[in-house]
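Structure first, then comments.
All chains are named by letter (A, B, ...) in the order of the sequence lines, taking the proteins before the strands, and each is independently numbered beginning at 1.
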Amino acid sequence: MTPGMTTSDSIPLTVIGGFLGAGKTTFLNQLLRQSTRRYTVLVNDFGAVNIDAALVTSHDGSTINLANGCVCCTMADGLAETLLRVLDAPVRPEHIVIEASGVGDPWQIAEVALTEPDLHLAAVIVLADAEQFPLQIDDPYIGDTVRRQIMRADLLLLNKTDLVDTRHLALIRERLLGLRPALRIIETVRAILPAEVLDADLPVKRAGTDLPPVHDHAIRRWLYRSRRPFDHAALQALLDALPPSLLRLKGWCCIAGETTPRLLQMTGARWTLSSDMPPPALVRAETLLVGLGSAALPDDGRLAALFDAACAPDADNQAVA
Amino acid sequence: MAPSTTIFSARKIITMNPALPTATHVAVRDGRILAAGNADDMSFWPDAVEDNRFADKILMPGFVEGHSHIMEGGIWPYTYVGYFDRISPEGVRVPGLKSIDEVVERLRAVSDAMDDPNELLFAWGFDPIYFDGRRMTRHDLDRVSTTRPVVIIHASFHIMNLNSFTFEKIGLDGSTKIDGVPCGEDGRPSGEMQGVVARVRLFRGLNWHALQTMVDAAAVQRYGRSATISGVTTITDLHNEMPDENLTLYRDATASEDYPVRLVPALSRVGSGSDAIIDRIRELQGMNTDKLHFGLVKLVVDGSIQGFTARLSWPGYHNGADNGLWYIAPTELGEIVTALHAARVHMHIHTNGNEATELAINAIEAAQLAHYWADHRHTLQHCQMASPAQFRRIKALGICVNLFSNHLYYWGDQHYALTMGPERAARMNAAGTAQRLGIPFSLHSDAPVTPLGPLFTAWCAVNRQTASGRVLGPEERLPVADALSAITIGAAYTLRMDHLVGSIETGKYADFVVLEQDPLAVDPAALKDVPVWGTICGGRVFQAPKG
């Protein structure tokens with residue numbers, strides 16, 4: 001396997017990291033309660049998981065099944081053992097989410113998705129507590145642990161931003177970008193991440209270009225459609241160099257010299273271009289991408305220009321969006 | 001009918017009971033010690049059976065290994081390829097291998113003797129630290145076989161080496177760069193693999209669950225035999241999540257009179273909340289018998305020093321390596337320690353580096369302030385790097401330590417040159433300081449990380465000699481008598497079993513080690529060579545198997 005490729009039917013794996021108290025459990029509780037997808041979530045401690053009893057269909061001590069199709073497993077038997085069980089379960093999850101321990105390095109877990117043919121890495125998402133972060137990052141005991149978690153995150157959720165004023169928030173952003181200038185940061189209040197960031201629905205499912213509203217003023221949507229195929233190398237270079245304010249990108253990309261569009265999945269800095277998933281009939285001959293970005297996302301025209309510039313030079317077709 | 005009494009005589013009985021330090025006879029009834037004394041003292045039991053087979057030997061309280069693991073019993077069906085000689089549970093001395101070529105040679109011989117050309121060949125105990133920076137590559141193992149998977153797990157139990165066939169079979173060719181699979185200059189996997197990546201991929205690629213299937217009834221029996229060979233009659237299994245299958249194995253094995261050792265597992269529950277740990281340990285304690293003792297809870301704070309994962313205070317690793325890893329968050333450690341302490345749960349806390357030790361001491365101090373418990377006996381396991389100031393706090397707070405003295409021999413040279421540098425290497429596993437301050441302490445092997453053998457462990461604390469012959473910190477050397485105390489009554493105290501084992505006195509279990517020589521009379525440099533004939537556990541005699 002090469003980076004950026006996925007095999008057919010592989011399950012996306014998202015790893016959630018972050019120091020104790022950053023909001024991982026809040027994030028996962030929301031995911032389990034509100035999901036429209038069949039997530040299987042591996043958590044460190046059942047005690048912290050808070051799911052309405054009405055949603056629970058069965059609970060056998062190590063696995064909770066929810067009415068919405070989600071499954072929550074504890075890793076009391078160890079991460080490897082639990083993951084092996086999940087991968088061999090009769091019902092394949094649509095998406096696996098693993099909670100790293102508060103002191104663990106989520107990247108160590110993410111590597112499993114790079115070696116398992118049944119998995120591909122969707123993203124490493126690390127949460128940080130905006131109020132605690134300045135203390136944690138300089139703490140002699142845990143500063144290096146927190147830094148290690150951030151250094152390989154695809155997305156950083158800067159959580160509990162309501163607990164600090166704007167001046168402090170700016171300082172924290174500066175500190176984070178000092179660690180990693182291209183770090184993708186989303187500011188949240190109660191670890192509420194728009195579901196689209198984790199697993200975006202393609203607009204094609206709605207057979208049109210109308211975007212569903214985003215219930216978060218800090219998140220902007222962007223749509224790109226084009227009949228001009230991309231130059232493969234230019235597209236790869238572009239995907240590696242997109243502005244950090246573009247947090248999520250998903251859709252179908254036509255590539256010059258290829259007959260069917262490829263599925264593009266990008267979360268934070270991580271992207272995959274998969275060729276073995278057939279696109280729906282509607283998008284057979286066009287590029288269709290939907291993006292989510294922070295408030296700092298460049299305007300639509302500037303983003304479109306970046307993608308137009310990656311199109312193959314000999315194409316005559318007109319961009320339609 | 002009067003209960004049957006047996007009187008064992010010996011050339012000398014070293015009791016570890018200061019009120020009667022030596023004896024020549026010990027009367028045993030119902031598996032317990034009726035009395036120790038001289039021949040005249042035994043005249044009160046004229047009907048007793050005299051057992052004089054040890055009349056020319058030395059008896060001591062059976063040794064207590066305060067930190068070892070059941071994996072010592074599980075690993076022996078596989079090929080040993082470590083650097084130092086090792087004694088198998090059958091009493092066979094397996095020679096250490098002094099070069100990678102010797103490792104390849106032994107594995108090739110084993111491979112050639114295997115009937116099935118496709119069967120996995122698994123080996124253990126390898127440690128590249130002894131080969132001047134040379135790592136084992138997949139090409140080395142290709143000389144063993146190109147048709148079967150060859151997998152070696154390192155002495156650390158964290159890193160593995162694979163041959164090219166295995167890499168191909170599990171589909172790793174280096175095209176995806178990952179930390180867990182380092183690549184060589186040719187861009188292909190160099191041979192090592194580690195972490196959760198390795199566990200999952202080996203299972204799915206070879207349908208083989210590394211280490212997971214090794215603890216079975218035979219492993220529990222081998223653990224018992226290894227105990228007998230090394231003179232141990234009380235042994236820990238100091239990190240066990242204790243699933244029901246494991247519990248059943250232990251209950252079945254220890255229910256038999258033929259099982260030669262008392263088993264003391266420590267419950268480890270990664271990720272479960274304090275309440276769940278407390279409930280489970282109470283439930284387990286309800287199942288205690290004379291040979292199966294629950295009560296300890298294990299917490300792991302940091303990693304290992306030779307693996308550069310222990311947490312160190314300033315100035316950190318001598319060679320400049322990054323500081324190590326927390327296995328539990330500092331705040332979480334405080335919460336768990338306070339909750340367990342409040343519930344009167346006895347904790348054994350793994351801290352290798354001094355920064356981890358500092359946090360564990362702080363946690364126990366905070367717990368003591370919130371819920372005073374005079375006799376808690378919480379024990380810092382390994383505690384290899386504690387500073388004198390930390391030892392003074394340990395003393396003040398009533399904490400016990402179990403020092404990893406075997407490190408001085410096995411990795412002492414590397415600690416001097418690489419991990420700790422000269423001064424800190426000289427104060428590692430500072431038994432002398434613990435002794436001077438009056439801290440209750442023990443010494444351990446952490447088998448299978450290093451070989452099980454309390455006399456060898458005591459020798460390490462007495463001589464502090466590295467594998468190359470350097471003496472690390474002569475001021476920390478222990479007198480032989482104190483080292484023997486540490487591996488008997490000292491360890492029993494840290495396990496809260498000093499009322500049952502660890503010395504020879506009326507009422508305690510009749511658990512003895514039978515030695516061919518008097519360890520107090522031999523040259524301290526020869527302490528490790530005192531032959532162990534076998535043991536007596538609960539009054540039953542177990543002769544050590546001899547290869």
Subject >> Side chain to side chain, B:Tyr327 and A:Val103, heavy atoms closer than 4.5 Å >> reply: no
**OP:** Name the member of B:Val197, B:Asp179, B:Ile170 that forms the most heavy-atom pairs with chain A at distances under 4.5 Å.
**Re:** B:Asp179
Original post:
Can you tell me if CZ on A:Arg190 sees more than 12 non-hydrogen neighbours from other groups inside 6.0 Å?
Top reply: no
**OP:** Measure the CG-CG distance between A:Asp105 and B:Leu325 for me, rounded to the nearest 0.5 Å.
**Re:** 8.5 Å
Subject >> Spacing of CZ belonging to B:Arg204 relative to CG belonging to A:Leu84, to within rounding of 0.5 Å >> reply: 6.5 Å
Original post:
Once you round to the nearest 0.5 Å, how far does OH of A:Tyr141 lie from CG of B:Asn362?
Top reply: 5.5 Å
Original post:
When rounded to the nearest 0.5 angstrom, what is the spacing between CG in A:Leu83 and CZ in B:Phe203?
Top reply: 11.0 Å
**OP:** Please report the closest heavy-atom contact between A:Ala80 and B:Arg199, naming both atoms and the distance.
**Re:** CB-CB, 3.9 Å
**OP:** Select, from B:Ile328, B:Leu172, B:Leu359, the one with the greatest count of heavy-atom pairs under 4.5 Å involving chain A.
**Re:** B:Leu359
Original post:
Got a donor-acceptor contact below 3.5 angstrom from the B:Glu332 side chain to the A:Leu20 backbone?
Top reply: no
Original post:
Would you call A:Pro117 and B:Arg201 a side-chain contact if the rule is heavy atoms closer than 4.5 Å?
Top reply: yes
Original post:
With a 4.5 Å heavy-atom cut-off, do A:Thr145 and B:Arg311 have their side chains touching?
Top reply: yes
Original post:
Mind checking whether A:Asp144 and B:Asp322 have side chains closer than 4.5 Å, heavy atoms only?
Top reply: no
**OP:** Measure the CD-CD distance between B:Glu241 and A:Glu81 for me, rounded to the nearest 0.5 Å.
**Re:** 8.0 Å
